[in-house]
Structures are given as C-alpha cells and as structure tokens.
Number of protein chains: 2
Amino acid sequence: MKPRSRRKTQQERTADTTLKLLNATIDLLHDRGLYRMSTSDIAEAAGVSRGALTHHFSSKEEIIAAAISHQLRDATAGLHKMAEGIRQSGGTSDKIVDYLWQMMNDRLFYVTMEYLPEARHNKTFRSAIIPVVQEFHAGLNSVWAELAGQVGVEVEHALVLMNATMCLIRGMIAQSATRDDPVYFEALLNFWKEKMRREFMLKNDEHPVGSADSKQSLADGEISSAAPRHQGAMRGR
Amino acid sequence: MKPRSRRKTQQERTADTTLKLLNATIDLLHDRGLYRMSTSDIAEAAGVSRGALTHHFSSKEEIIAAAISHQLRDATAGLHKMAEGIRQSGGTSDKIVDYLWQMMNDRLFYVTMEYLPEARHNKTFRSAIIPVVQEFHAGLNSVWAELAGQVGVEVEHALVLMNATMCLIRGMIAQSATRDDPVYFEALLNFWKEKMRREFMLKNDEHPVGSADSKQSLADGEISSAAPRHQGAMRGR
DNA sequence: AATTACAAACAAACAAGCCTGTTTGTTTAT
DNA sequence: ATAAACAAACAGGCTTGTTTGTTTGTAATT
C-alpha cells in the first residue's frame, strides 16, 4: 500500500510554482528570446497553467523582471563566495578572468543580451532590474578588491581593470552571435589574461613585495574553453 | 506660372522609396527596437504606404536585413576611407580608437544590439547579414593594418589589439543600457587609449625606429566625448 | 474525526487588439 | 495598352490580460 504523500502547505506550493516559472523563464529567454517566447510557452515549460502564472505574476514584464533578478542574485552570491575564497586562500587574475568568462559565457550574458533592448526602450522595466544589476556589480567589485588587497594594487586601478575585463567579455559574447570562431575567442581571452597578469605583476614591482619568481605563481591560470556557446541546447541549470 | 516638375523615372522612384524605407528602418531600429516597431511604423516614418513597402520588400525580415546591410556598408566605406587617410598622411592609435568609439556610439552598435537576439535565434536572418558583417571587419582590419605598417608593429598583433578594442567598445555600449555614468565610460576609454599608445610605442622601441620624442607625436589624440548616448533623440544621419 | 466555510492556488475559456502577409484597386511611367 | 510603383482593404493568427470555474489547504465548529 503506497503511503499518502504529505500535503504541501500553500506556502510551499507557491514557492514551488514560482521557482518553476522563474527557471522556465530564464531557459526560454536564453533559448528563444524575450520577444519570441510567450506566457503560454513559459507556463507550458514550467508545467503549470496560464491562470497559475497570472495568479503569481500579473504581467509578462513582471515575470521576466523577477526571473532576471533571480538569476542575477544567484550570480552575485557566487561572486561574494569567490571573494571570500580569495580572502582565505588567495587568488590570481587568471582564475578571476576564467571564472568571469565562464559565468558570463554560461548563459548569463546571453540572457542579458535578450533583455537589453527592452531595458533601452522600457523605462519601467529598466527601473525594475537596476537594483539587482547594481548588486551584481558590488559583487564584482568585492572580488577584484580582494585581489587588489592581496597583491598590493590600488583598488581604484583594480576596478578599472575589472571594468575593462567585463566590457571585453560582454563584447566578445555579443560578437559571438555573428562570429563562430573558437580560435579567435580563445586567442583574445589569452591575450587579455596576459595583460591582467602584467598589470598585477607590474604593480607588484612598484611595491617592494614581489620578486621575479612571483611571475610564475601569478601565471598559474589554466586554459579554459573559450568558445562562446551559441544557441544553447543546454536545459539543465 | 510654376514650371511642371520633371517626371521621375521608375528607377528613380524605386531608389527614392527604398532609400526612404531603409533610413526609416534604421531610425526605428534605434529608437524603438526591432520587436517594438511594425511594418506600419516603418511605412509611416518613410511617408509611404504599406503596400509600397511590401512591393519592394516582401517581408519584415527582408527590409530589416536590407537596412542593416545598408548601414554596415556605409560604415565599412568610412573605414576604408580612414585606412586610405592613414596610408597617405599617417595616423595614431588614439585617433583610431576615437573614430571607432564615435562610429559605434553614434548608433551603429546600438542598432546592432537590437538585432543580435534575432540573429541568435533566426538562422535565415543571420545568414543574410553575415556577408556585410564580414566586409565590415575587413574594413576594420584595413585600418589597423595601415597603422601597424606605419609604426612597424606586427600585423597579427595589431589585429589582436583591434579585436580587443572593438570588444571593449561593444561591451561598454552594451553596459550603457543599465548604467548611466559618463565619467565611468570616459575613464575606461582613456585607460584603453593609453594601453594602445603603449602597445604601439613598445613595438617601436623593439624596432630601432622610434625615439623618446616619438612618444609625444603618438599621443596627440584629443579627448572625445565618451558618454554613450542612450535613447537617441537624434534623427538626422 | 468529520463537516463546513473560506482563502489561496491553479486551470480553462473569453475577448480584444495588434501585426503580418495577401488581395484588390489606383496612379504613374513607358 | 501595359507594367511598375503605390495605396487601401481584407483576413487569419497570435498574444495578452480578464473572467469564470475547480482544486487544495486551513481554521473553526460540531
């Protein structure tokens, strides 16, 4: 005799359903695009009805903004975790660049590209997402500030380098929509990593901390796969 | 008695109408976005009927691809002209960076952002624009190859620097959708220009061509306005 | 423990609006 | 007279938010 499953509370049901909807929304943002997906698509992908969807989110715009917030909060948490790791065990610019590339390339910036036009043209929508975007940037800042502190680089300078890194990565992923060329992107990423190593090494030289040997330890980043992923077939998180 | 205006030939009428339509399409791509503008909007902005629009372009997708091609060909022509200028009178990395920033910031990449999602999800559309995108990149290559030749930098290396420059600029403009901060963008651009000057100056040092004085002449770029333009109110070309 | 009333979560149907490509009609050039 | 360029009307489909209906959890009462 199969035991009766426990009843979920209303709160649990809500949390379940909204999480399914948010995840389905991000999947579809990535795989289909903001304007090519409908609320019907979202509901179907989440395995709920449109009535349930509109019960929890009163408009398409609202559910999209909520899904984006959810995704960015996850990413921000990962950044703070990395900053903590650097504080405890140290880190390298290579590792940071690799982590950022993987994060942005593993859907985050692909999804962002899908909603940038909406953010440009829809003031309400933009206002809804800006708070979490700023939290995300605070997370980025925390990572690079930790590295700067560790190697004695000026925080201001480290932040400029971080911003340049992020812009480069955004630009690369944007370009991937029309350029399918893994070798090209890998070369660019390696060029950038070398630049970053130099920046943090140069500053080391300016402060009587480093030695020629420190060059090796700072260059221990491993080569990551640098091919941007195009139309993602990946559905799992 | 007012003189009768000359009759336009059918060919002239076609050229007129299609040019109006292409320009209207780019304006609307920039100001409203690909998915927020309709063929009715385009026809109205061009001052023609929807029947005329569909006579010349059989679908919305076709007119958008044609407008993008038109825009990119203009930009490519500008690049080749700049390369010619460098060949004849020389040039600096500062001037090139400023030119590229202005070109991308003066609508080109804003318009690109509007169609990147479509290119990601619509294979037919992407195939239609890729040829002109590649011509555009050939134009970019010609500019940086001229500069490389002028200062004795390896062409391969110059092209890596160019690609990094372009990605950085793309990333900056992409970020401008959610960040309204002219100071930030100006600092980033200045940082990059200094990096480029060093790259071309360093290579000079490696070849017994330059002198300490050449540092000044290479750094004569003027500061451009680095604030990305947001919702463009500009209508003129 | 069973029943009742109520609220929340969920589903299905409705209806209006918008957009696109197609068809029909008019004007202009040859 | 004919073809090309242009305009206006047609019609079908899709999407969205709204309304109506059903199911599930919760608390109070018997």
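Chain identifiers are assigned alphabetically (A, B, ...) following the order of the sequence lines, protein sequences preceding nucleic acid strands; residue numbering begins at 1 within each chain.
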Discussion item. Assuming nearest nucleotide by heavy-atom distance, tell me which of T14(B) and K60(A) is located more 5' along DNA chain D.
Written reply: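 Checking each residue's closest nucleotide, the 5'-ward one belongs to T14(B).
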Practice prompt. Specify the residue among S40(A) and G51(A) whose closest nucleotide of DNA chain D lies further upstream toward the 5′ end.
Written response: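 Looking at DNA chain D, the more 5' nearest nucleotide goes with S40(A).
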Salt-bridge contact [X]-[Y] (side-chain N to carboxylate O under 4.0 Å):
{"X": "D41(B)", "Y": "R36(B)", "result": "no"}
{"X": "K81(B)", "Y": "E84(B)", "result": "no"}
{"X": "R107(A)", "Y": "D27(A)", "result": "yes"}

Ignoring backbone atoms, test whether [X] places a side-chain nitrogen or oxygen under 4.0 Å from the OP1 or OP2 oxygen of [N].
{"X": "H55(A)", "N": "dC10(C)", "result": "no"}
{"X": "S49(A)", "N": "dC10(C)", "result": "no"}
{"X": "H56(A)", "N": "dA8(C)", "result": "no"}
{"X": "T54(A)", "N": "dT18(D)", "result": "no"}
{"X": "S58(A)", "N": "dG17(D)", "result": "no"}
{"X": "R7(B)", "N": "dA29(C)", "result": "yes"}

Discussion item. Contact between L79(A) and W144(A) at the side-chain level, heavy atoms closer than 4.5 Å - yes or no?
Written reply: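 Sidechains of W144(A) and L79(A): no contact.
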Fill in: Side chains of Q71(A) and V132(A) in contact at under 4.5 Å (non-hydrogen atoms)
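A side-chain contact under 4.5 Å is absent here.
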Worksheet entry | Nucleotide nearest T9(A) (side chain, heavy atoms from C-beta), chosen from dC10(C), dT26(D), dT30(C) |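 From the listed options, dT26(D) comes nearest.
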Practice prompt. With the side chain of Q10(B) defined as its heavy atoms from C-beta on, choose the nearest nucleotide among dC10(C), dA29(C), dA9(C).
Written response: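 Of all the options, the side chain of Q10(B) is nearest to dA29(C).
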Discussion item. Pick the closest DNA chain C nucleotide for S38(B) and for Q11(B) by heavy atoms, then say which residue is nearer the 5' end.
Written reply: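 By nearest-heavy-atom nucleotide position, the 5'-most residue is S38(B).
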Interatomic distance, [X] [atom1] vs [N] [atom2] [rounded to whole Å]:
{"X": "R13(B)", "N": "dA5(D)", "atom1": "CZ", "atom2": "P", "result": "8 Å"}
{"X": "Y35(A)", "N": "dC18(C)", "atom1": "OH", "atom2": "P", "result": "17 Å"}
{"X": "E44(A)", "N": "dA12(C)", "atom1": "CD", "atom2": "P", "result": "12 Å"}
{"X": "L53(B)", "N": "dA8(D)", "atom1": "CG", "atom2": "P", "result": "14 Å"}
{"X": "I42(A)", "N": "dC14(D)", "atom1": "CD1", "atom2": "P", "result": "18 Å"}
{"X": "F57(A)", "N": "dT18(D)", "atom1": "CZ", "atom2": "C1'", "result": "19 Å"}
{"X": "D41(B)", "N": "dC18(C)", "atom1": "CG", "atom2": "P", "result": "12 Å"}
{"X": "R50(B)", "N": "dA8(D)", "atom1": "CZ", "atom2": "C1'", "result": "10 Å"}

